[in-house]
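Every chain is numbered from 1, with letters handed out A, B, ... down the list of sequences.
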Amino acid sequence: MKSAIKTPQKLTRNFYLKDVLHVARNLLGKILVREINGQILSGRIVEVEAYDGSMDEASHSFKGKTKRNEVMFGPKGYLYVYFTYGMYFCCNVVTGKDDSAGRAVLIRAIEPLNGIEQMAEFRFKKRNISNKELLNLSNGPGKVCLAMNITKSENGIDLLGDSGYILNEKNIPDEKIVITKRIGISKSAELPWRFYIKNNPFVSKK
DNA sequence: CACCCGATTATCT
DNA sequence: GATAATCGGGTGT
């Protein structure tokens, strides 16, 4: 009899065609993968935030479509990457039911799994890092993009393609998920749209 | 641990 | 001209 081990599969387009809060919550525990020149970098998604331009003033899409945010108004399952604070990139998964526009999930932290030395190279310019540096490798949205080498050129890539994608894993049970207000925003700051895995040391902040 | 601030630049007003 | 979905280093408790 053959082995029953199942290889994780890419999330399908249908996964992204759901309510943004539902997608955000269910992205926890999934594996973000990046392929660069045949090398695999990956990490488990442990912290996310939802943004919904239809009612959320903190969303880049709240005031409508512009050159910067146009990917948020495009098809679901694509990556929206933006440049911020003059130095950093942050990446978001475009989601939403049917034709709903301007909704995305910000990936705030991942737990490094594969290609950790290469991720350390991108992030710290060295391959060997301490345990303290490992915990600091990708525990924030700017850090995730540094470690995975996600920049402006990844804005608008299809997550069903091969350079960046997300693998399916079992959903994290409710009792292991914490829901709080989002971090680093001033508008619509009271919305409880941040989700993270309880007691995971790779989350950006308790 | 908490708060404060400088870096650095695309985007918007 | 002001702001920003951040980060790292500094100071003080």
Would A:Ile172 and A:Arg44 count as a side-chain contact (heavy atoms from CB on, under 4.5 Å) here? Give the steps. CA-CA 12 Å; A:Ile172 304 293; A:Arg44 198 162 69 112; 4.0 Å; yes

Checking all strands, does A:Arg182 fall into the base, sugar-phosphate, or nothing category for heavy-atom contacts under 4.0 angstrom? nothing

Check whether any side-chain heavy atom of A:Tyr80 sits under 4.5 Å from a side-chain heavy atom of A:Arg68, and report yes or no. yes

Would A:Leu106 and A:Tyr82 satisfy side-chain contact (heavy atoms from CB on, under 4.5 Å), going step by step from the backbone distance to the final call? CA-CA 11 Å; A:Leu106 172 68; A:Tyr82 67 89; 4.3 Å; yes

Close side-chain approach of A:Glu49 and A:Asn92, heavy atoms under 4.5 Å: no

Mind calculating the distance between NZ (A:Lys187) and P (B:dC12) to the nearest angstrom? 12 Å

Chain A vs DNA chain C, heavy-atom contacts under 4.0 Å, first-to-last nucleotide span, 5' to 3', is C:dA4 to C:dG8

Can you spot which of A:Lys198, A:Arg108, A:Arg182, A:Lys143 makes a salt bridge (charged side-chain N to carboxylate O under 4.0 Å, His left out) with A:Glu47? A:Arg108

Distance-only, no hydrogens or angles: does the A:Ser138 side chain make a donor-acceptor pair with backbone N or O of A:Val144 under 3.5 Å? no

Taking C-beta and beyond as the side chain, do A:Val71 and A:Leu79 meet within less than 4.5 Å on heavy atoms? no

For a quick check of understanding: with a heavy-atom distance under 4.0 Å over all strands, which category does A:Phe83 fall into, base, sugar-phosphate or nothing? sugar-phosphate

Stems for DNA chain B (at least 3 consecutive Watson-Crick or G-U pairs, under 3.5 Å) come to B:1-7 with C:6-12, B:9-12 with C:1-4

Between A:Asn128 and A:Glu117, is a side-chain contact (heavy atoms from CB on, under 4.5 Å) present by the stated rule, with each step listed? CA-CA 7 Å; A:Asn128 295 308; A:Glu117 287 195 341; 3.7 Å; yes

Does any residue of residues 134-160 of chain A have a heavy atom under 4.0 Å from DNA chain B, and if so, which ones, in number order? none

Have a look at A:Leu106 and say if it touches a base, only the backbone sugar-phosphate, or nothing, with a 4.0 Å heavy-atom cut-off. base

Taking CZ from A:Phe62 and P from B:dT13, how many angstroms apart are they, rounded to a whole number? 12 Å

Ignoring backbone atoms, test whether A:Thr84 places a side-chain nitrogen or oxygen under 4.0 Å from the OP1 or OP2 oxygen of B:dT9. no

Checking side chain to side chain contact (heavy atoms under 4.5 Å, CB included) between A:Lys10 and each of A:Ile31, A:Leu159, A:Asp162, which is the one that passes? A:Asp162

Rounded to whole Å, CG of A:Asn69 lies from C1' of B:dT11 at a distance of 10 Å

Would you mind reporting whether A:Tyr51 and A:Arg103 have side-chain heavy atoms less than 4.5 Å apart? no

Mark yes or no for whether A:Gln39, through its side chain, and A:Ile36, through its backbone, hold a donor-acceptor pair below 3.5 Å. no

Please confirm whether the shortest side-chain N or O distance from A:Lys63 to OP1 or OP2 of B:dT13 is below 4.0 Å. yes

